[in-house]
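Here the structure comes first, spelled out in structure tokens, and everything after it is commentary.
Starting from 1, each residue takes its place in the sequence as its number.
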Amino acid sequence: MDWIEEKLEKTAKYIRNMSFRKAMIAYILVLAVVVFLLSYLTMILCWQWELSEWVKFESEELQSVIYKNGPLWGYKYMFAAGTNSERLLFLDFMRVWCPYFYAFAGMVVTILIFYHKRLSAPLKILEDSVKRIRENNLDFYVHYDSADELGSLCDSVEDMRLELVRGKEEMWLLVERQKELNAAFAHDLRTPLTVLKGYTDFLARYLPEGKISEEKMRDTLVLMSDHLKRLEDYSRTMKGIRSIDEVPFSPEWIRLGSLEKKIQEVVFALGQVGDVSIFYRGCIIKAADESAMGDDLRVGMDENIIMEVLENLLSNAIRYAGTEIEVLSEYDKQKREILLAVRDDGKGFSEEQLVKALKPYYKEREGMEMDEHFGIGLHICREFCKKHGGTLDVANSIRGGAVVTASFFASIFGENSIYP
């Protein structure tokens, strides 16, 4: 029985997967055989019934007429004789016209069966699919278990649905990236402006009192000019990109002493803003083997990215620090990493914030007021660190407050590549 069921299942599957052309030919051939058999049986039965009716007439004259001229002349003879011949006429009509009747009825039945078996289900699937797509509802699956033309059409509609889904996902991702980029641009613009404000406050506070030497004022103006140039370059860069991922990574051979000097300048400028004291505890040019390290040691790094991260971390820390902020720096020669750590004496991170701090728009997604200390700012910093081959970690200090540590891959001058 299992063998028979398996054969029947294979046969049904073969028939279901036949093309429309082959299926129509098969249906027509089956119709022709059925019409032929029914017509043959009907003609035989009618003929036998007619003969049984004819034998009821015992007239030798009538039998002689039928034998010589056929039943038609027998009908004429009976009409002339006033004999009732309606039954015989009906049987003769059925015997002659039954093939046409069966052929017409068979075509109607065959069309209905073909529509029900081969067209109804896939057309319903296609109709529902088009309706859902028109309603912008793509959360469904198009499938018709057949390899015929409509099965292929259903597969094509499913492919189209998947393409629409991918298109919507790409559009959504593009919108999210643009949103993220706009937020990053707005956030990062404020940081260099804060640095410039710090320098401006410094000049406004001490210049009238004559406490700033000409050399110091010249150096301060040069620093302000450098930051303005960075701001201009950053604006030009952000104008031509579509997401943070496209922010260019342009490493160069730069002296560690030069990087540390710029860190000190940013710390000094931001220390002029507000009532928070910022202390630099850096040791970026210090190492166990001082003969191999120092101001002149050059490493491959993108200084703009590193300073962007530092300024973001300091800007966020200023908002949540109590009275002071510490900045630490170091270069790990063995790991080829520049490390920057910013610690504040604020409330620190909660357990939930430690898990979700680096996600973009974390507070915004929770329906709370935007908190950039663990919002878009840290997310941007993490993306920049990843671009530089490093990481960004958040933690709470054992002395209280939050600690954010950024690392950047930076190969030593003379190695094969400055890229991570």
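For the pair Thr110 and Ile28, the minimum side-chain heavy-atom distance is 4.5 Å or more. No side-chain heavy atom of Asp332 sits under 4.5 Å from any side-chain heavy atom of Arg336. Counting heavy atoms from C-beta on, the side chains of Met43 and Trp47 never come closer than 4.5 Å. Residues Leu297 and Lys333 fail the side-chain proximity criterion, which asks for heavy atoms closer than 4.5 Å. Here the side chains of Leu340 and Ile306 are in contact, with some heavy-atom distance below 4.5 Å. Between Arg399 and Arg343 there is a side-chain heavy-atom pair separated by less than 4.5 Å. Put simply, the side chain of Tyr331 reaches to within 4.5 Å of the side chain of Ile412, judged on heavy atoms. Counting heavy atoms from C-beta outward, Ile325 and Leu314 have side chains that approach closer than 4.5 Å.
Annotation for Arg166: atom CZ counts as buried by contact number, over 12 foreign heavy atoms lying within 6.0 Å. Other residues, nucleotides and ligands contribute at most 12 non-hydrogen atoms within 6.0 Å of the CG atom of Asp139. The environment of CG in Leu29 is crowded: more than 12 heavy-atom neighbours from other residues, nucleotides or ligands sit within 6.0 Å. More than 12 heavy atoms of other residues, nucleotides or ligands sit less than 6.0 Å from atom CZ of Phe140.
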side-chain contact (heavy atoms from CB on, under 4.5 Å) between Lys22 and Ser19, intermediate numbers included = CA-CA 5 Å; Lys22 293 181 179 179; Ser19 65; 3.5 Å; yes
Step by step, work out the side-chain contact (heavy atoms from CB on, under 4.5 Å) result for Val403 and Asn396.
-> CA-CA 6 Å; Val403 178; Asn396 288 322; over 6 Å; no
Criterion side-chain contact (heavy atoms from CB on, under 4.5 Å) on Met107 and Tyr102, from CA distance to verdict = CA-CA 8 Å; Met107 284 189 293; Tyr102 288 142; over 6 Å; no
Taking it one step at a time, do Glu337 and Phe408 satisfy side-chain contact (heavy atoms from CB on, under 4.5 Å)?
-> CA-CA 5 Å; Glu337 281 185 342; Phe408 309 89; over 6 Å; no
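A cation-pi arrangement is not found for Arg118 relative to Phe20, the charged atom failing to lie both closer than 6.0 Å to the ring centre and inside a 45° cone about the ring normal.
One distance of note links CG of Asn316 with CD1 of Ile380; it measures 9.0 Å at 0.5 Å rounding. If you take CZ on Arg298 and CG on Leu259, they are separated by 14.5 Å, rounding to the nearest 0.5 Å. The line from NE2 of His379 to CZ of Phe384 is 10.0 Å long, rounded to the nearest 0.5 Å. How far CD of Glu252 is from CG of Asn304: 8.0 Å, rounded to the nearest 0.5 Å. To the nearest 0.5 angstrom, Ser329 atom OG is 5.0 Å from Ile263 atom CD1. Between Leu138 atom CG and Arg132 atom CZ the span is 10.5 Å, to the nearest 0.5 Å.
With hydrogens and angles ignored, the 3.5 Å screen pairs a side-chain donor or acceptor of Ser152 with a backbone N or O of Asp148. A donor-acceptor pair under 3.5 Å is absent between the side-chain atoms of Asp345 and the main chain of Gly401, judged by distance alone. Side-chain atoms of Asn312 do not come within 3.5 Å of backbone N or O of Cys381 as any donor-acceptor pair. A distance-only check finds a donor-acceptor pair linking the side chain of His388 to the backbone of Asp302 [under 3.5 Å]. Remark: side-chain polar atoms of Ser315 are not paired, donor with acceptor, to backbone N or O of Glu311 under 3.5 angstrom. Thr391 places no side-chain N or O within donor-acceptor distance of the main-chain N or O of Ser407, the cut-off being under 3.5 Å.
A donor atom on one side chain and an acceptor atom on the other are found under 3.5 Å apart for Glu260 and Tyr280.
Of all heavy-atom pairs spanning Val35 and Pro99, the tightest one is CG1-O, 3.8 Å. Among all heavy-atom pairs drawn from Gly348 and Gln353, the shortest one is O-OE1, 4.1 Å. Taking every heavy atom of both residues into account, Val276 and Ala321 meet most closely at CG1-CB, 4.0 Å. The nearest pair of heavy atoms linking Val142 to Cys154 is CG1-O, 3.4 Å. Ser39 and Cys98 make their closest contact through O-SG, 3.8 Å (heavy atoms, listed as atom of the first residue, atom of the second, distance). Across every non-hydrogen atom of Leu256 and Val299, the tightest pair is CD2-CG2, 3.9 Å.
Using cut-offs of 30° and 60° on the angle between ring planes, the pair Phe36 and Tyr40 is parallel.
Between Lys262 and Glu265 no salt bridge is recorded (no basic side-chain N to carboxylate O distance below 4.0 Å).
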Review item, side-chain donor-acceptor pairs of residues 119-129, under 3.5 Å, at least two apart:
{"unit_1": "Ser129", "atom_1": "OG", "unit_2": "Ile125", "atom_2": "O", "d": "2.7"}

